[in-house]
Amino acid sequence: MPELPEVETVRLGLHRGVAGRTVGQVTVTHPRAVRRHEAGGDDFAARLTGRTVLAARRRGKYLWLPLDSGDALTGHLGMSGQLLVVPGDSPLQKHLHVRLRFADGGRELRFVDQRTFGGLLVVPGGEPVPPLIAHIARDPLDPEFDDDAFVARLRTRRTGIKRALLDQTLVSGLGNIYADETLWRARLHGERPTDRLSRPAARRLLAHARDVLSAAVEQGGTSFDALYVSAEGVSGLFEQSLNAYGREGEPCNRCGAPIRRESFMNRSSFSCPRCQPRPRAV
DNA sequence: AGTGACGCCTGGGAGC
DNA sequence: TGCTCCCAGGCGTCAC
C-alpha cells in the first residue's frame with residue numbers, strides 16, 4: 001500500500017525518468033483512471049499533449065508533475081496504483097489504464113492500477129501546490145513542517161491517536177503500515193485519546209513518525225508483493241524492518257510478547273499487548 | 001467545524 | 001475442482 005516512503009520512491013523515479021521531456025501521444029484505456037478529470041479523457045489527453053514536464057513533486061501521498069503550460073499532471077496511487085517508466089515495447093500490463101508516450105521516443109510513462117482507487121487528472125496550477133491538494137497537510141519530512149502547530153492541533157482533537165495520524169489534513173504521508181510502526185516505536189496504543197497526550201509525548205510521537213518514514217524512504221519503501229514497486233519496477237526493502245504491521249502472533253522485537261491484531265475502522269491494527277497497553281475505558 | 005461511517009474496487013486465499 | 005466469502009485500505013463524500 002503506497003504511503004509516503006513508497007510515493008517518494010516513485011517521485012524520485014519520475015523525476016529521473018520524465019522531467020524535462022515533452023509529452024507525445026496520450027492514451028486512456030480505462031475511463032475510471034481519469035474519473036477525477038471532470039472534462040473527460042479526451043480533454044485530459046489534450047491538456048498533456050505537447051507539454052513539457054518540468055519536475056516531479058509530492059505532498060503527502062499525492063504526486064504531481066508541473067507542466068510548462070502552468071497545469072500539473074496530478075495523481076494518487078490509491079491502494080494499488082503504479083506509475084512506471086518503461087520502454088515502449090515492454091509487454092502491456094493487465095491493469096494498464098493510461099499511457100503517456102514522449103516526443104523523444106524514449107521510455108514511456110504508464111499508470112497501472114488493479115483496484116482503481118487511484119487516478120490521474122490535469123489541474124491548473126502546479127506551484128507551489130495544485131489547489132486540488134491544498135487541503136493535504138505537510139508531511140513530517142517536509143522541512144517546513146511546523147512541529148509546534150502539529151502538537152497543538154493534535155492535542156485539541158477529540159479522537160484516538162491512530163485516527164489522528166491517518167488524518168491527512170493534520171499530518172500527511174502515514175497510512176496503516178507506518179501509523180502502526182510509529183505507535184509501536186512510541187509505545188502507545190492507537191486508541192489513546194489525543195487530548196490526553198502530554199506535549200512531550202506528542203513530540204516523541206512525531207519524532208518516531210519522522211524516524212520510521214525516513215528509514216523506510218532509505219530502503220525504497222515496503223513491498224508486500226508486486227503491487228508496489230518504484231517507477232523502475234524495483235521492490236522496496238523495508239518489509240524486513242517492520243516491528244508491528246502484519247506480524248500477528250510473532251514475538252515483539254522489544255519484549256517478546258506475541259504481537260496482537262485488532263479490528264479498527266474495518267481494517268487491522270497491529271501492536272504489542274505489553275509495550276502498548278490499551279487505554280483504560282473512559 | 002469536527003468526527004466518524006460508508007462506498008468504491010479486484011485478486012488471492014480460506015473454507016466448504 | 002469450483003463456488004462463496006472475506007480481506008487488503010486511501011480518500012472523497014455525507015450525515016450528524
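By convention in this document, chain letters (A, B, ...) are assigned in the order of the sequence lines, proteins followed by strands, and residues within each chain are numbered from 1.
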Taking only side-chain N and O atoms of [X], does any of them lie within less than 4.0 angstrom of OP1 or OP2 on [N]?
{"X": "K94(A)", "N": "dG11(B)", "result": "yes"}
{"X": "R115(A)", "N": "dG7(B)", "result": "no"}
{"X": "R158(A)", "N": "dG2(B)", "result": "no"}
{"X": "S268(A)", "N": "dA8(C)", "result": "yes"}
{"X": "R36(A)", "N": "dG12(C)", "result": "yes"}
{"X": "T116(A)", "N": "dT10(B)", "result": "no"}
{"X": "R163(A)", "N": "dT3(B)", "result": "no"}

Please report, rounded to the nearest Å, how far the [atom2] atom of [N] is from the [atom1] atom of [X].
{"X": "L63(A)", "N": "dC11(C)", "atom1": "CG", "atom2": "C1'", "answer": "15 Å"}
{"X": "R32(A)", "N": "dG10(C)", "atom1": "CZ", "atom2": "P", "answer": "16 Å"}
{"X": "E248(A)", "N": "dA8(C)", "atom1": "CD", "atom2": "C1'", "answer": "14 Å"}
{"X": "F111(A)", "N": "dC9(B)", "atom1": "CZ", "atom2": "P", "answer": "13 Å"}
{"X": "M79(A)", "N": "dG11(B)", "atom1": "CE", "atom2": "C1'", "answer": "12 Å"}
{"X": "H76(A)", "N": "dG12(C)", "atom1": "NE2", "atom2": "P", "answer": "7 Å"}
{"X": "Q114(A)", "N": "dG11(B)", "atom1": "CD", "atom2": "C1'", "answer": "5 Å"}
{"X": "F264(A)", "N": "dG10(C)", "atom1": "CZ", "atom2": "P", "answer": "11 Å"}

Any side-chain donor near an acceptor of the partner, [X] and [Y], under 3.5 Å:
{"X": "S230(A)", "Y": "T9(A)", "value": "no"}
{"X": "Y178(A)", "Y": "T222(A)", "value": "yes"}
{"X": "R260(A)", "Y": "S271(A)", "value": "yes"}

Cation-pi check for F145(A) against R138(A): NZ or CZ below 6.0 Å from the six-membered ring centre and within 45 degrees of the axis, yes or no?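 No, cation not above the ring by the 6.0 Å, 45° rule.
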Please say whether the positively charged group of R254(A), taken as NZ for Lys or CZ for Arg, lies over the ring of W184(A), i.e. under 6.0 angstrom from the six-membered ring centre and within 45 degrees of the axis.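 Verdict for W184(A): a cation-pi partner in R254(A).
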Quick one: are [X] and [Y] in side-chain contact, heavy atoms under 4.5 Å?
{"X": "V98(A)", "Y": "F44(A)", "result": "yes"}
{"X": "Q276(A)", "Y": "L188(A)", "result": "no"}
{"X": "R163(A)", "Y": "R157(A)", "result": "no"}

Have a look at R261(A) and say if it touches a base, only the backbone sugar-phosphate, or nothing, with a 4.0 Å heavy-atom cut-off.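 Sugar-phosphate: the residue R261(A), judged by heavy atoms under 4.0 Å, touches backbone atoms but no base.
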Contact class for H135(A) vs. all strands (heavy atom < 4.0 Å): base, sugar-phosphate, or nothing?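 Contact class for H135(A): sugar-phosphate only.
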Protein-nucleotides 13-16 of chain C N/O pairs closer than 3.5 Å?
none

Of G160(A) and R267(A), the one whose closest DNA chain B nucleotide lies more 5':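 The residue closer to the strand's 5' end, by nearest nucleotide, is G160(A).
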Enter the inter-axis angle for the ends of the helix from dG2(B)-dC16(C) to dC16(B)-dG2(C) (five pairs per end, rounded to 10°).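 About 50° separates the two local helix axes.
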Name of the residue among H97(A), R99(A), R101(A) meeting side chain to side chain donor-acceptor pair (under 3.5 Å) with T27(A):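 Result: among H97(A), R99(A), R101(A), R101(A) is the only option passing the side chain to side chain donor-acceptor pair (under 3.5 Å) with T27(A).
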Using the side chain to side chain donor-acceptor pair (under 3.5 Å) criterion, which residues pair with E250(A)? Sequence neighbours excluded.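 Side chain to side chain donor-acceptor pair (under 3.5 Å) check on E250(A) returns R247(A).
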